[in-house]
Participant: 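Sharing a structure here in structure tokens format.
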Amino acid sequence: MAILYNTEATLAERVEECLEDDFKHNAIKNAQEAFYVSRGKLVEEMGDGWQQLRMHAMEVRNHVTENLDYYVKQFAENAEANGCIMHYAPTGDDALWEVLDIFEKHGAAYAVKSKSMMTEEVGLNEILEETGIKIVETDCAENILQTAESKPSHIVVPALHFNRDAIADIYREKRGYTGSNVPEEITHFLRKILRHEFMEAEVGIRGCNFAVASTGSVTLVTNEGNGRMVDSFPKVQIVFVGIDRIVPDLESLDTMMALLPRSAVGAKMTAYFSLDSGPRGAGEIDGPEEVHIIFMDNGRHELANSEFSDMLRCMRCGACLNICPVYRHITGHGYGSIYPGPMGLVLTPGLVGYDDIDNMVFACSLCGACTEHCPVSIPIHDLVRQHRINMVDEHKNHAIEVPIFKALGLFWSSRPVYMAGMTLGPPIMKALAHGGQALDASSAWIPVVKGWTSTRDFDVLSSTRFRTWFKAHKEAQADEKGGEQ
């Protein structure tokens, strides 16, 4: 499934590669700190209103999940009443076939696209390109990734792993750019080449932040004008809508929009917010002549009926990534999924199962910062822990863990074994540490232990047990008191 884009490398191999990339770490660190500070100021300004807003949003999202079929039907009926053509896609493959049929029906071979995680989820770009259809990403960051043939490293700031020098070099090599590394100059270049794409495209493809059931409307939240160009210029528009993106009405939408930009980038609002309700009407001068909505399930009904149903509240704001210490170090590409960070640890196995994710769900410290930071109060770290429990129960965890934990169980439950370990452990560890006080990078050749000692020191066991020391200490105190008497 396209959700996982790097299954050839193991989690350990991906992480090792990412740990060596200092630029990625610093870029993520700077972004996290900037978003955290900006968000913190806005939350503080709202006082108690922030928590009230979170609680209301959680109730709305839970209500939709509990009544999902009702709202799916209501949205579909109202969207059709608006003139949209509905396509129901139980799986990602179904969604791709529907899109290909639309292109074939119109004889189209040229499309422009606005940023959409749903299309990433099904691997739309790759399939269209394989069939000879040209598709152009028009979001600045996504165009950078498409040109560089790279994958997103963040769900909100997808090209976070490129700096201005790298971006300028990419466009020089691939698109004939001759300017400097000044962002404004690169943007002007991109605007110039994209203008032609917008004018010539036969089909526009976009995602949907929220779908309003009571009106059959779809929304698009962007910080660039490309989204409106995508849904205004081409005659045919295809909108990908996940069934988990539904809100009941415009009042609920207002609640979500009060939370989304604040949580995502620490802003009160985004530059562009579009609310679309069907194709171009009589007398209107822009907009598509035909709107197709790909209404996608792709595992969401199963998720709604599972112990991970809370994850359907996710707004894809990226707030959990902006606070996660593990994401900061292993970066988005360490996860091997289009959904990285804490939310990805829950959503990815929830949608694709445990067979191909390696030990992805163990890339978490369970510190709980993601849960505290989530605008809709998803207990993310608890859900990650539940995935771990499930993997162990299904024997999907690393094979070596079973004998290790059995040995530790025997060690801690048997006094003779424990005493033997405490006797033999210190001299053995001392020898491995070459007489030093800790195992360091020089001991990274030791299986299992190297996962720690390759980057951290591991103090050797003391030759004196605490109980032995404490007993001697108490005896010394007693002798001292006896002497004083």
Side-chain angles (χ1 to χ4, degrees), residues 2 5-6 17-18 20-31 34-35 109-117 119-120 123-130 132-207 220-234 264-265 270-272 318 331-333 338 340:
Y5 64 81
N6 189 356
E17 180 181 350
C18 292
E20 295 175 357
D21 194 328
D22 289 336
F23 172 76
K24 282 185 181 180
H25 300 151
N26 290 330
I28 291 173
K29 177 176 180 247
N30 293 336
F35 292 151
Y110 192 0
V112 287
K113 177 168 166 282
S114 180
K115 180 178 178 291
S116 164
M117 292 306 296
T119 59
E120 291 280 352
L124 177 67
N125 287 19
E126 292 80 2
I127 295 298
L128 291 181
E129 288 167 358
E130 286 178 14
I133 295 171
K134 179 182 178 181
I135 182 165
V136 178
E137 292 284 358
T138 63
D139 174 86
C140 183
E142 289 290 347
N143 190 272
I144 292 167
L145 295 180
Q146 185 180 38
T147 306
E149 298 180 359
S150 182
K151 287 292 181 181
S153 58
H154 191 286
I155 63 171
V156 177
V157 195
L160 188 60
H161 53 291
F162 288 112
N163 63 13
R164 62 175 68 184
D165 294 321
I167 294 169
D169 288 341
I170 289 167
Y171 282 122
R172 287 189 189 106
E173 179 184 349
K174 301 289 184 70
R175 301 303 300 266
Y177 177 60
T178 57
S180 69
N181 66 351
V182 176
E184 289 79 5
E185 191 172 350
I186 298 173
T187 303
H188 288 154
F189 170 76
L190 185 56
R191 181 183 298 165
K192 181 179 179 180
I193 62 176
L194 285 178
R195 183 175 289 115
H196 170 75
E197 313 285 12
F198 284 123
M199 299 298 293
E200 297 296 322
E202 301 157 291
V203 178
I205 302 175
R206 47 162 287 195
L220 189 62
V221 179
T222 68
N223 279 314
E224 302 172 29
N226 68 299
R228 289 186 177 176
M229 301 281 277
V230 166
D231 66 20
S232 297
F233 274 68
V265 293
T270 58
Y272 296 91
T331 77
H333 292 151
I338 64 162

Participant: P340 and G332: which non-hydrogen atoms are nearest, and at how many Å?
Facilitator: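 Nearest heavy atoms, P340 then G332: CB-O, 3.6 Å.
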Participant: Applying side chain to side chain donor-acceptor pair (under 3.5 Å), can you list everything that pairs with N163, at least two apart in sequence or on another chain?
Facilitator: none
Participant: With a 4.5 Å heavy-atom cut-off, do T331 and H25 have their side chains touching?
Facilitator: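 Of all side-chain heavy-atom pairs linking H25 with T331, at least one is under 4.5 Å.
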Participant: Is the NZ atom of K29 crowded by more than 12 outside heavy atoms at less than 6.0 Å?
Facilitator: no
Participant: Can a donor-acceptor pair be found, under 3.5 Å and without considering hydrogens, that links the side chain of K174 to the backbone of T147?
Facilitator: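 Answer holds: yes.
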Participant: Flag the pair E129 and K113 as a salt bridge only when some basic side-chain nitrogen lies within less than 4.0 angstrom of an acidic carboxylate oxygen.
Facilitator: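 K113 and E129: not salt-bridged.
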Participant: Taking the inter-plane angle between the rings of H333 and H161 on a 0 to 90° scale, is it parallel (under 30°), tilted (30 to 60°) or perpendicular (over 60°)?
Facilitator: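 Taking H161 first and then H333, their aromatic rings stand perpendicular (interplane angle over 60°).
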Participant: Which heavy atom of E202 sits nearest to which heavy atom of A109, and what is that distance?
Facilitator: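 Looking at all heavy atoms of both residues, the closest pair is OE1-N, 2.9 Å.
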Participant: What is the distance from atom CD1 of I144 to atom CD1 of I186, rounded to the nearest 0.5 Å?
Facilitator: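 Answer for the CD1-CD1 pair, I144 versus I186, is 7.5 Å.
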Participant: State, with a plain yes or no, whether a side-chain heavy atom of F198 is found less than 4.5 Å away from one of V136.
Facilitator: no
Participant: Mind checking side-chain contact (heavy atoms from CB on, under 4.5 Å) for V221 and listing every partner two or more places apart, or none if nothing turns up?
Facilitator: N209, M257, L260, T270, F273
Participant: I205 vs L124, test: side-chain contact (heavy atoms from CB on, under 4.5 Å). Steps then yes/no.
Facilitator: CA-CA 10 Å; I205 302 175; L124 177 67; 3.9 Å; yes
Participant: Using atom types as modelled and distance alone, determine if a side-chain donor or acceptor of K115 lies under 3.5 Å from a backbone N or O of I155.
Facilitator: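 Side chain of K115 to backbone of I155, a donor-acceptor pair under 3.5 Å: yes, one is there.
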Participant: Quick check: do C140 and L190 have side-chain heavy atoms less than 4.5 Å from each other?
Facilitator: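 Of all side-chain heavy-atom pairs linking L190 with C140, at least one is under 4.5 Å.
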Participant: Would you give the length of the straight line joining atom CZ of R228 to atom CZ of F233, rounded to the nearest 0.5 angstrom?
Facilitator: 13.0 Å
Participant: Nearest 0.5 Å, please: how far is CG in L160 from CZ in F23?
Facilitator: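 The CZ atom of F23 sits 7.5 Å away from the CG atom of L160.
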Participant: If we ignore hydrogens and angles and just use 3.5 Å, is the side chain of N143 paired with the main-chain N or O of T138 as donor and acceptor?
Facilitator: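 Judged by distance alone, no pair lies under 3.5 Å.
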Participant: CZ/F35 to NE2/H154 distance, rounded to the nearest 0.5 angstrom?
Facilitator: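 Those atoms lie 6.0 Å apart.
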Participant: Return yes if some donor-acceptor pair links the side-chain N/O of E120 with the main-chain N/O of I338 below 3.5 Å, else return no.
Facilitator: no
Participant: Partners of Y177 by ring-ring contact (aromatic ring centres under 6.0 Å, His included), sequence neighbours excluded?
Facilitator: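 ring-ring contact (aromatic ring centres under 6.0 Å, His included) list for Y177, sorted by chain: F189.
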Participant: For R172, does the CZ atom have more than 12 heavy-atom neighbours from other residues, nucleotides or ligands under 6.0 Å away?
Facilitator: yes
Participant: Apply side-chain contact (heavy atoms from CB on, under 4.5 Å) to residues I167 and R164 and explain how you reach the verdict.
Facilitator: CA-CA 5 Å; I167 294 169; R164 62 175 68 184; 5.5 Å; no
Participant: Exactly one of E142, E137, E130 should register a side chain to side chain donor-acceptor pair (under 3.5 Å) with N125. Which one does?
Facilitator: E137
Participant: List the steps, then state whether side-chain contact (heavy atoms from CB on, under 4.5 Å) holds for D139 with T222.
Facilitator: CA-CA 9 Å; D139 174 86; T222 68; over 6 Å; no
Participant: If you draw a 6.0 Å radius around CD in E185, do more than 12 non-hydrogen atoms from other residues or ligands fall strictly inside?
Facilitator: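 More than 12 within 6.0 Å, yes.
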